[in-house]
Protein chains: 2
Amino acid sequence: MVKSMTTTPARTSVTLADVAALAKVSTSTASLAYRRTGSITERTRARILAAAAEIGYAGPNPTARSLKSGRSGIVGIIIAGTVRRAFQNPVAMATMAGLSEALDDIDVGQLLLSHRSESGDRSARLLDGMPVDAVVFLTRGEEFDGILPSMRARRLAMVGVEGPHEEGVTLVDIDDASGMAVLARHVRDLGHRRVGVVMRSTRIDANGPPGPFEAIDADLDSISNRTIRERLRAVASVFPDAVRVEAGGRELDSGEIAAGRLLDQAVRPTAILAQNDMLAVGALRAAAARGIEVPRDLTVTGFDGADLPLLGRRLTTVEQPLHERGLQAGRMVGELLAGGAPSSIVLPVAFREGDTSGPPR
Amino acid sequence: MVKSMTTTPARTSVTLADVAALAKVSTSTASLAYRRTGSITERTRARILAAAAEIGYAGPNPTARSLKSGRSGIVGIIIAGTVRRAFQNPVAMATMAGLSEALDDIDVGQLLLSHRSESGDRSARLLDGMPVDAVVFLTRGEEFDGILPSMRARRLAMVGVEGPHEEGVTLVDIDDASGMAVLARHVRDLGHRRVGVVMRSTRIDANGPPGPFEAIDADLDSISNRTIRERLRAVASVFPDAVRVEAGGRELDSGEIAAGRLLDQAVRPTAILAQNDMLAVGALRAAAARGIEVPRDLTVTGFDGADLPLLGRRLTTVEQPLHERGLQAGRMVGELLAGGAPSSIVLPVAFREGDTSGPPR
DNA sequence: GCCCACTATCGAAACGATGCGATTCGCATC
DNA sequence: GATGCGAATCGCATCGTTTCGATAGTGGGC
């Protein structure tokens, strides 16, 4: 069912003119009753508001106001993939929480714009048809390049979290590489030499079996997702001999399957460096299913520092300031809308030792 | 065409009139090039689109279009409490996923409207100032009554999930009571006689210590939250002697503390019926902390059937069709926007036996 | 070659509110 | 009672698009 914005007749609504007529003032005066600026007698204002109440006027029409002011007061939040998946992703949610908090403070509405819908491809139509003053790229997605031109044409303020690294997008970036390097060195210092890496799928419509075993630095340059690439590179700098497996999808289960493949080798790794926390949880589960005890028999690490209250244990990982990066993105939106030109920033990360890592047996 | 006057932001934009001028047609013809209806030569359309591309016209201004059509194509999703907390709540998220899916299908945008912001009270201003065609109450909140009049005045289509039970709101309701009754009977049939109930806080700004022990039916009528009330009533019908404790907040930790109080009694219950899954997880944790084994020493049940992949075990609970209720709410929005008058529905729930319940020792 | 029936295009009037510049009002002062 | 002045109110153009009714153009039938 596709609805058309055009065929339906406008709802008969009460307008400011009606209020003005009832209150026996001009519409411009009636308007004054609702604005902050301009001078109007308290008596007149009261009369106008009374008239408004009498005929059930709900206040100035937001659309008309927007047309006049050129501002909608709405920020589009662009999500790679589907809204559903984003909502299942603790990293995205933590960022979103920070972003919401900041956007709340500057009194702008938050419009969710998924780049793809559940039932297939999201037409650019929805994206283009929405009255937004600015957009925030909440999660990094390769698919964004296609929609950038249209946003530039609209002269929208653009803020990105971890990308896209494109002209005109103010960025909140994360120091992924150095964080992952610290973590890898920690694992090496524990004594590990045989490590496996479980990485996120680089395919857009990822779903299926895990990829083959590959050398850690195989084809690194061809990975367009900067986040994935830089994290791998950091691991490679410490463990040039590591083996990597690409999970078949982005969900927990894919991580479990991929990690399982690593664990089922004749000579299995003593440490699995998962490229994010969800994959690490999958690895923990794969270990549990095989009676492998963590951290005694296996070290498992993640990345992100997501809040996983249900997990019941504390992952050794690298903590990103997830909430903070949302806040910063929100702040940037505010500055851009106010006419400023905030500069991009790179936020630091912090290694966190949990109870999933230890020396090899 | 520079038109930055004084205070208004300088957003000099390219308009349809500019395109028309360049293509040497009238603006009405230029408009035709972007519409589905109306007749226009393919040649002319091509010329217009070429002109548009040349001067970087990004397509019709959504705000102006909305003003003319009386429709914004945006649905407001109203969240009780803060956006942040909603995002941490698996029940709300599952519902949201279904809702998003349905709203995607009818090509409407999704605007998040939290009733309260992180930093304090949400002014009605934001809510009132947003150009929405309809609103969906995603989660039940006592605070909604205050904003209903304004929505009625705006003649917005209104759809609610589990409330508010108010005139003009089309509802997707859940058969809470009978589901909870089935679950309670199951626990009774297992042989349990001494049961404790952990319930959600009824305070809006809940945070603090758990409430006192109370009889299950103490003051039931004074609980305005229908969901909480009906679930409790159902338990009371099976276990008139049950003791209830109100958690101090809505988070996991509050559930743990409240359940801990029940477990620390001299004679502790053999079963804890938590009023939702998160509280049940809290109860599991309280039990684990005390070396009480579930289900051998204690039966713990929840309500909702939320997807908790990180938990690692399967809660005995009542499954709501969470995704489905979101879908249904979305469908209702579509029908209302199309001029229909869908009727409210009540969705069934299903008892699900997990591995957290068993006979008392 | 004339008239008719289309159809592509155009002009102008909305949609509902805002804000500039002009006008009127109220009132104190001379 | 006339004058001056600030404050309150008003009229009108405007934001960018859509759409209705009017007009010009095209081609076919006879």
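It should be emphasised that the depicted structure is a prediction, and the values quoted were computed from it without experimental measurement. Each chain gets a letter, A, B and so on, in the order the sequences are listed, and its residues count up from 1.
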A.B. asks: Please state how far atom CZ in A:Arg43 lies from atom C1' in C:dG26, giving the value in whole angstrom units.
C.D. replies: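 In whole Å, C:dG26 C1' and A:Arg43 CZ are 13 Å from each other.
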
A.B. asks: Over how many whole Å does the gap from B:Arg65 atom CZ to D:dT19 atom C1' extend?
C.D. replies: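 Value for this atom pair: 13 Å.
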
A.B. asks: Looking at A:Leu103, A:Val132, A:Leu113, A:Thr139, which hits side chain to side chain contact (heavy atoms under 4.5 Å, CB included) with A:Ile77?
C.D. replies: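 Result for side chain to side chain contact (heavy atoms under 4.5 Å, CB included) with A:Ile77: A:Leu103.
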
A.B. asks: Judged by each residue's nearest nucleotide on DNA chain D, which is more toward the 5′ side, A:Thr27 or A:Ile40?
C.D. replies: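 It is A:Ile40 whose nearest nucleotide is closer to the 5' end.
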
A.B. asks: Quick one: label B:Ser39 by what it contacts on the DNA or RNA (base, sugar-phosphate, nothing), any heavy atom closer than 4.0 Å.
C.D. replies: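 Base, at least one base heavy atom under 4.0 Å.
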
A.B. asks: Could you check how far CG of A:Leu67 sits from P of D:dG16, rounded to whole Å?
C.D. replies: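 It works out to 7 Å between those atoms.
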
A.B. asks: Please determine if a side-chain N or O atom of A:Ser69 lies less than 4.0 Å away from the OP1 or OP2 oxygen of D:dC15.
C.D. replies: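 For A:Ser69, the contact criterion (side-chain N or O under 4.0 Å from OP1 or OP2 of D:dC15) is not met.
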
A.B. asks: Does a nitrogen or oxygen in the side chain of B:Thr44 sit under 4.0 Å from OP1 or OP2 of C:dT9?
C.D. replies: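 So the side chain of B:Thr44 is within the cut-off, an N or O lying under 4.0 Å from OP1 or OP2 of C:dT9.
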
A.B. asks: Does the D:dT17 base have a donor-acceptor partner in the side chain of B:Lys68 within less than 3.5 Å?
C.D. replies: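 Check fails, no donor-acceptor contact within cut-off.
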
A.B. asks: Is it true that A:Gln328 and A:Arg325 share a donor-acceptor pair across their side chains at a distance under 3.5 Å?
C.D. replies: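 No pair is found: no donor N or O on one side chain lies under 3.5 Å from an acceptor on the other.
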
A.B. asks: Measure the distance from CG on A:Leu16 to P on C:dA17 and round it to the nearest whole Å.
C.D. replies: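 After rounding, the gap between these two atoms is 5 Å.
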
A.B. asks: Quick check on DNA chain C: between B:Lys24 and A:Thr15, whose nearest nucleotide comes earlier from the 5' end?
C.D. replies: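 By nearest-heavy-atom nucleotide position, the 5'-most residue is B:Lys24.
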
A.B. asks: Among the nucleotides C:dA17, D:dG16, C:dA8, which one has an atom lying closest to any side-chain atom of B:Ala64?
C.D. replies: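 Looking only at heavy atoms from C-beta outward on B:Ala64, the closest nucleotide is D:dG16.
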
A.B. asks: Determine the minimum heavy-atom distance between B:Gly56 and A:Ala153, stating which atoms define it.
C.D. replies: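 Here B:Gly56 and A:Ala153 meet closest at O-CB, 4.0 Å.
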
A.B. asks: Is A:Arg35 close enough to C:dT18 that one of its side-chain N or O atoms is under 4.0 Å from OP1 or OP2 there?
C.D. replies: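 Yes, A:Arg35 has a side-chain N/O under 4.0 Å of OP1/OP2 on C:dT18.
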
A.B. asks: Return the pairing partner of C:dC30 with a 3.5 Å limit on both distances, Watson-Crick or G-U wobble; otherwise return none.
C.D. replies: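 The base-pairing partner of C:dC30, which may sit in any strand shown, is D:dG1.
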
A.B. asks: Looking at every strand, decide which applies to A:Thr41 at a 4.0 Å heavy-atom threshold: base, sugar-phosphate, or nothing.
C.D. replies: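 Answer is sugar-phosphate: A:Thr41 comes under 4.0 Å of backbone atoms only.
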
A.B. asks: Please classify the nucleic acid contact of A:Ser66 as base, sugar-phosphate, or nothing, using heavy-atom distances under 4.0 Å.
C.D. replies: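 Counting heavy atoms under 4.0 Å across all strands, no contact is made by A:Ser66.
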
A.B. asks: Which whole-number value in Å describes the distance from A:Ile48 CD1 to C:dT18 P?
C.D. replies: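 One finds 12 Å between P of C:dT18 and CD1 of A:Ile48, rounded.
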
A.B. asks: Within the 3.5 Å criterion, strictly below it, is a donor on B:Ser28 or B:Ser31 matched to an acceptor on the partner's side chain?
C.D. replies: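 B:Ser31 and B:Ser28 do not have a side-chain donor-acceptor pair below 3.5 Å.
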
A.B. asks: Under 4.0 Å between a side-chain N/O of A:Tyr34 and OP1 or OP2 of C:dG19, yes or no?
C.D. replies: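 Indeed not, no polar side-chain atom of A:Tyr34 lies that close.
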
A.B. asks: Within the pair B:Ser26 and C:dT9, is there a side-chain N or O less than 4.0 Å away from OP1 or OP2?
C.D. replies: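 No.
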
A.B. asks: How many whole angstroms separate atom CZ of A:Arg71 from atom C1' of C:dA17?
C.D. replies: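 Nearest whole value for this atom pair: 18 Å.
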
A.B. asks: Please state whether the rings of A:Phe87 and B:Phe87 are parallel, tilted or perpendicular, taking 30° and 60° as the class boundaries.
C.D. replies: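 Correct class here is tilted.
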
A.B. asks: Please state how far atom CZ in A:Arg36 lies from atom P in C:dG19, giving the value in whole angstrom units.
C.D. replies: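 Taking CZ of A:Arg36 and P of C:dG19, I get 14 Å after rounding.
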
A.B. asks: Can you name the one residue among A:Val159, A:Val333, A:Leu336 that meets side chain to side chain contact (heavy atoms under 4.5 Å, CB included) with A:Pro342?
C.D. replies: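 Of all the options given, the one that passes is A:Leu336.
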
A.B. asks: Is any N or O donor-acceptor pair between the side chain of A:Ser28 and the base of D:dG11 shorter than 3.5 Å?
C.D. replies: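 Flag set: donor-acceptor pair detected.
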
A.B. asks: Between C:dA17, C:dT9, D:dT9, spot the one nearest the side chain of B:Thr29, thanks.
C.D. replies: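 Of C:dA17, C:dT9, D:dT9, C:dT9 is nearest to the side chain of B:Thr29.
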
A.B. asks: Can you tell me the distance, in whole Å, between the CG atom of B:Leu32 and the C1' atom of D:dC20?
C.D. replies: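 About 12 Å, once rounded to whole Å.
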
A.B. asks: Compare side-chain N and O positions of A:Ser13 against OP1 and OP2 of C:dG16 and report whether any pair is under 4.0 Å apart.
C.D. replies: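 Result: yes.
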
